Student: 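There's a structure below that I have some questions on.
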Amino acid sequence: DQQVKQNSPSLSVQEGRISILNCDYTNSMFDYFLWYKKYPAEGPTFLISISSIKDKNEDGRFTVFLNKSAKHLSLHIVPSQPGDSAVYFCAASVYGGSQGNLIFGKGTKLSVKP
Amino acid sequence: KAGVTQTPRYLIKTRGQQVTLSCSPISGHRSVSWYQQTPGQGLQFLFEYFSETQRNKGNFPGRFSGRQFSNSRSEMNVSTLELGDSALYLCASSLDPGTPLSQHFGDGTRLSIL
């Protein structure tokens with residue numbers, strides 16, 4: 001049973017346009033959501049997070065939106081740049097909970113074309 | 001400050017063999033988690049260690065095991081290797097369990113089973 005789902009395996013966007021990556025979750029106990037970016041042969045690097053008490057968090061070109069009622073979050077990248085091409089993972093966690101691990105989606109491969 | 005170090009970076013084994021992977025966490029980080037990344041399943045949680053004790057375990061067979069030493073360094077072992085064990089194995093360290101925002105990943109060990 002997948003608790004965190006990224007239903008789009010890939011996304012292609014033109015440079016300068018907006019990239020929107022989506023993520024759905026099923027466990028209402030999750031209270032922290034994180035996005036990671038991963039290049040081949042490297043570990044995931046933290047991008048941005050959002051607490052369940054917020055509905056939006058912004059950091060430069062990256063904004064994460066959380067819709068708790070729909071159990072849905074999205075990552076917006078504006079404007080998209082070729083260097084953003086990578087696999088993006090959505091992850092969820094229970095902060096301070098007994099389980100310290102992250103539950104990941106399967107990832108979305110973003111390709112930003114010049 | 002040195003990041004999470006995983007050794008070796010690449011490893012080739014044959015079916016039936018066993019393998020041990022090593023992870024040195026960021027200095028001061030006491031919790032270590034292991035994840036398996038495969039193209040079909042994405043990033044899946046293996047287990048988490050804190051204070052030399054396994055706190056949490058994912059849904060993997062008993063062939064997958066691990067341990068943590070007093071200096072927080074961790075090893076994972078896979079016995080009786082199968083072709084399906086070919087994957088990127090990622091280690092992540094965090095200050096304490098249940099603190100996902102402090103979790104940092106190593107670059108992984110790429111294990112190939114022939």
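Letters go in sequence order (proteins before strands), and every chain restarts at 1. Since this is a predicted model, take the numbers as computed values, not measurements.
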Student: Tell me, side chain or backbone of B:Leu43 under 4.5 Å from chain A's heavy atoms, or both, or neither?
Tutor: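 Looking at B:Leu43, backbone and side chain both touch chain A.
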Student: I'd like to know whether CG of B:Asn71 has more than 12 heavy-atom contacts from other residues, nucleotides or ligands below 6.0 angstrom.
Tutor: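 More than 12 within 6.0 Å, yes.
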Student: With a 4.5 Å cut-off on side-chain heavy-atom distances among I, L, V, M, F, W and Y, is there a chain of contacts connecting A:Val4 to A:Leu110?
Tutor: yes
Student: Measure from the side-chain N and O atoms of B:Tyr35 to the backbone N and O of A:Phe104, and report whether any donor-acceptor pair falls under 3.5 Å.
Tutor: no
Student: Evaluate the side chain to side chain contact (heavy atoms under 4.5 Å, CB included) criterion for residues B:Leu88 and A:Lys38: first the C-alpha distance (whole Å), next the side-chain angles of each, then the deciding distance (0.1 Å), finally the verdict.
Tutor: CA-CA 12 Å; B:Leu88 180 67; A:Lys38 187 181 183 301; 3.6 Å; yes
Student: Is A:Lys68 atom NZ crowded by more than 12 heavy atoms from other residues, nucleotides or ligands, each under 6.0 Å away?
Tutor: no
Student: Would B:Leu21 and B:Tyr49 show up in the same hydrophobic cluster when neighbours are defined by side-chain heavy atoms closer than 4.5 Å?
Tutor: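 Yes: a chain of side-chain contacts under 4.5 Å links B:Leu21 to B:Tyr49.
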Student: Would you mind listing every disulfide (SG to SG under 2.5 Å) that reaches into residues 36-114 of chain B, with sequence neighbours excluded?
Tutor: B:Cys23-B:Cys91
Student: Nearest 0.5 angstrom please: A:Lys106 NZ to B:Gln44 CD, how far?
Tutor: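 The CD atom of B:Gln44 is 7.5 Å from NZ of A:Lys106, to the nearest 0.5 Å.
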Student: Is the number of heavy atoms from other residues, nucleotides or ligands under 6.0 Å of A:Arg17 CZ greater than 12?
Tutor: no
Student: Take atom CZ in B:Arg63; do more than 12 heavy atoms of anything else shown fall under 6.0 Å from it?
Tutor: yes
Student: Please collect all ring pair (Phe, Tyr, Trp, His ring centres under 6.0 Å) contacts where either partner lies in residues 66-96 of chain B, sequence neighbours excluded, each pair once.
Tutor: none
Student: Just so I understand: if I count every heavy-atom pair under 4.5 Å between each of A:Gly107, A:Ala41, A:Pro9, A:Gly105 and chain B, which residue has the most?
Tutor: A:Ala41
Student: Hey, quick one: are A:Val87 and A:Leu102 part of the same hydrophobic cluster, counting side-chain heavy atoms closer than 4.5 Å, chains of contacts allowed?
Tutor: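 Cluster IDs for A:Val87 and A:Leu102 match.
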Student: If you link I, L, V, M, F, W and Y whenever their side-chain heavy atoms are under 4.5 Å apart, who else ends up in the same group as B:Ile12?
Tutor: B:Leu114
Student: With a 4.5 angstrom heavy-atom cut-off, could you sort out which part of A:Tyr39 is near chain B: side chain, backbone, both or neither?
Tutor: neither
Student: First locate atom CZ of B:Phe45, then atom CD1 of A:Ile103, and finally report the distance between them rounded to the nearest 0.5 Å.
Tutor: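 One finds 7.5 Å between CZ of B:Phe45 and CD1 of A:Ile103.
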Student: In residues 44-55 of chain A, which residues are in contact with chain B at a heavy-atom separation under 4.5 Å?
Tutor: A:Pro44, A:Phe46, A:Ser49
Student: Any idea which heavy atoms bring B:Gln37 and A:Phe89 closest together, and the distance?
Tutor: NE2-CZ, 3.5 Å
